[in-house]
Amino acid sequence: LNSSALKKTLSPVAVELVSGRPYWPIHNREPSTYAALDEDLACDVAVIGGGITGALAAYELTRKGFDTVLLEQNRFASGSTRASTALLSYEYDLLLSHLCGRIGERDAMRCYELSYQAIGRIERTLKDIEDRCAWAKKSSLRVARSESVLRTFEQEAAARNRTPMKVELLDRETLLRRFGISGLAALVSGRAYQIDPFSFTKSLIRCAATKGLRAYERSKATQLDLGDKGLKLKVGNGRKISARSAVFATGYESEKYLPRKVGILNTDYCFVSHPLRDLGRLGECHLVEHGSDYMYLSTFGNRVMAGLEATSFDSPKRRRIRMSRMCGQIEERVAQYLPHRNLAPEYAWAATFARSKDSLPYMGELPAWPRVIFLLGYGGNGIASSAMLAGLLADKLAGGRNRDVGLFRFDR
Ligand SMILES: Cc1cc2nc3c(=O)[nH]c(=O)nc-3n(C[C@H](O)[C@H](O)[C@H](O)COP(=O)(O)OP(=O)(O)OC[C@H]3O[C@@H](n4cnc5c(N)ncnc54)[C@H](O)[C@@H]3O)c2cc1C
């Protein structure tokens with residue numbers, strides 16, 4: 001890929017990642033305080049993309065003393081981050097036992113450990129930024145919806161219980177007694193939380209800005225020049241940034257910038273209910289169904305937040321047509337977990353969702369783009385992955401040799 005290909009892919013054609021009314025931006029409405037870039041400047045690292053990944057990367061880099069600039073083409077947290085359902089989990093979409101079969105036991109174990117540690121990193125960061133961002137402890141439940149999943153759950157429990165990332169395997173009766181939930185069985189793991197991804201992104205940027213980060217909204221990177229004179233980024237209004245390195249934290253939109261597809265793109269439909277009077281024990285957990293399509297739910301305050309992955313990539317037009325039917329399906333599925341089946345959606349949205357072939361995120365450089373690093377928090381545990389990658393990035397740019405980085409490379 002060369003810089004003219006990049007120029008082509010950064011065309012002004014807008015990508016609608018999210019359709020409908022996601023909860024977070026409405027719940028957290030606040031005026032923007034960030035200007036567009038209006039001067040040429042130089043820095044150590046230019047981070048492109050102001051979602052949760054870019055915010056975490058910019059925060060870690062600034063903390064390590066890098067002179068960092070953050071560019072966002074729209075408003076901060078206006079991409080997939082605002083569509084997230086706020087489950088914070090270290091578990092990838094592929095369970096450890098399955099990931100071992102895909103990439104080998106040693107690497108799979110290490111990927112899980114790094115993600116597990118990333119939750120601790122987020123906990124420490126929240127203290128530093130002095131904002132809880134609706135952080136709350138949860139139990140993470142993976143509920144079996146078909147007999148075929150039971151064997152998988154047994155294998156997973158055996159694999160995980162040889163590590164510090166312990167799980168409990170609950171049978172039908174125990175699941176009902178402990179959580180009031182009916183299902184064939186469930187895998188329960190701790191170290192699971194909820195976090196408001198929208199306010200987390202904004203708080204990270206706010207805090208990093210007090211430590212020297214220069215952050216700009218409405219500043220689209222339109223061209224990358226990797227000439228002999230160093231790395232230069234052109235911004236939409238003609239301003240230029242010279243940097244030693246660039247980080248593309250451009251989310252699912254990165255598929256436009258890469259020479260080949262690395263993500264499997266689908267559409268997720270989500271809703272947030274009106275406040276409910278009684279959530280029962282559901283308020284203590286977040287839950288992912290196994291053995292059917294990919295349905296997940298969490299609670300936020302006294303509301304239920306749930307999503308269902310469609311089996312196709314739907315255009316924005318098709319999403320709008322399907323939205324109410326898909327929300328009706330989710331509603332029925334969620335109601336089975338509630339003590340009173342009185343669920344009424346108040347917010348509904350549909351969004352592009354990307355996962356990788358092995359459920360791991362990507363961190364990598366392209367041979368033709370030296371000094372440019374992509375950070376792609378693909379997968380259902382995208383927030384934990386982004387925190388993990390941001391830590392690896394800061395170590396890498398500080399000159400550390402870290403073999404963990406290779407686990408997430410493009411050509412794995
Ligand atoms: C419906 C749904 C539910 C989800 N639920 C969860 C969940 O419960 N838990 C979880 O951990 N993860 C969840 N995820 C995944 C999580 O939301 C993503 O992993 C995460 O938001 C990705 O953040 P990001 O910063 O990489 O991408 P984004 O938030 O999309 O940010 C990328 C930013 O880059 C900007 N950009 C792109 N190109 C340019 C350019 N040329 N110049 C300047 N800026 C540019 C975009 O405008 C965008 O703001 C969910 C995802 C979806 C869609």
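In each ligand, atom 1 is the first atom listed, and ligand 1 is the first ligand listed. Note: hydrogens, waters and symmetry copies are ignored here, and every other heavy atom, side chains too, is used. Every value quoted in this text rests on a predicted model; they were computed, and no experiment measured them.
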So which bit of [X] gets within less than 4.0 Å of ligand 1, heavy atoms only: side chain, backbone, both or neither?
X: Ser89; value: neither
X: Glu253; value: side chain
X: Ser385; value: neither
X: Asp268; value: side chain
X: Phe76; value: neither
X: Ala351; value: side chain
X: Thr352; value: backbone
X: Tyr257; value: side chain
X: Ser298; value: neither
X: Tyr378; value: neither

Close aromatic pair by centroid cut-off 6.0 Å: Phe200 and Trp135 = no
ask   = Do the two ring centres, one from Trp369 and one from Tyr257, sit under 6.0 Å apart?
value = no
request  = State whether Tyr23 and Arg303 meet the cation-pi test: NZ (Lys) or CZ (Arg) under 6.0 Å from the six-membered ring centroid, and within 45° of the perpendicular axis.
outcome  =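 Because its charged atom misses either the 6.0 Å distance or the 45° angle limit, Arg303 does not stack over Tyr23.
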ask   = Considering residues at least two apart in sequence or located in another chain, which fulfil the side chain to side chain contact (heavy atoms under 4.5 Å, CB included) criterion with Ala209?
value = none
When you measure from the side chain of [X] to the backbone N and O of [Y], does any donor-acceptor pair fall under 3.5 Å?
X: Trp24; Y: Ser84; value: yes
X: Asn237; Y: Leu37; value: yes
X: Arg102; Y: Lys357; value: yes
X: Arg239; Y: Asp38; value: yes

Quick check: [X] and ligand 1, any N/O pair under 3.5 Å apart?
X: Ala384; answer: no
X: Gln73; answer: yes
X: Ile52; answer: yes
X: Glu72; answer: yes
X: Thr53; answer: yes
X: Leu88; answer: no
X: Thr81; answer: yes
X: Ile48; answer: no

query = With distance as the sole criterion, is a donor-acceptor pair present between the side chains of Ser199 and Arg132 under 3.5 Å?
reply =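 Looking only at side-chain atoms, Arg132 and Ser199 do not form any donor-acceptor pair under 3.5 Å.
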message = Nearest non-hydrogen contact with atom 32 (C) of ligand 1 belongs to which option: Gly79, Ala249, Ala354?
response =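 Result: the heavy atom closest to atom 32 (C) of ligand 1 is in Ala249.
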Proximity winner for atom 5 (N) of ligand 1, if only heavy atoms of Leu224, Val235, Thr85 are counted = Thr85
task = Could you walk me through whether Asp293 and Glu309 pass side chain to side chain contact (heavy atoms under 4.5 Å, CB included), step by step?
result = CA-CA 7 Å; Asp293 39 15; Glu309 188 173 10; over 6 Å; no
ask   = Is there a side chain to side chain contact (heavy atoms under 4.5 Å, CB included) between Thr163 and Met109 once you walk through the steps?
value = CA-CA 9 Å; Thr163 76; Met109 208 70 102; 3.6 Å; yes
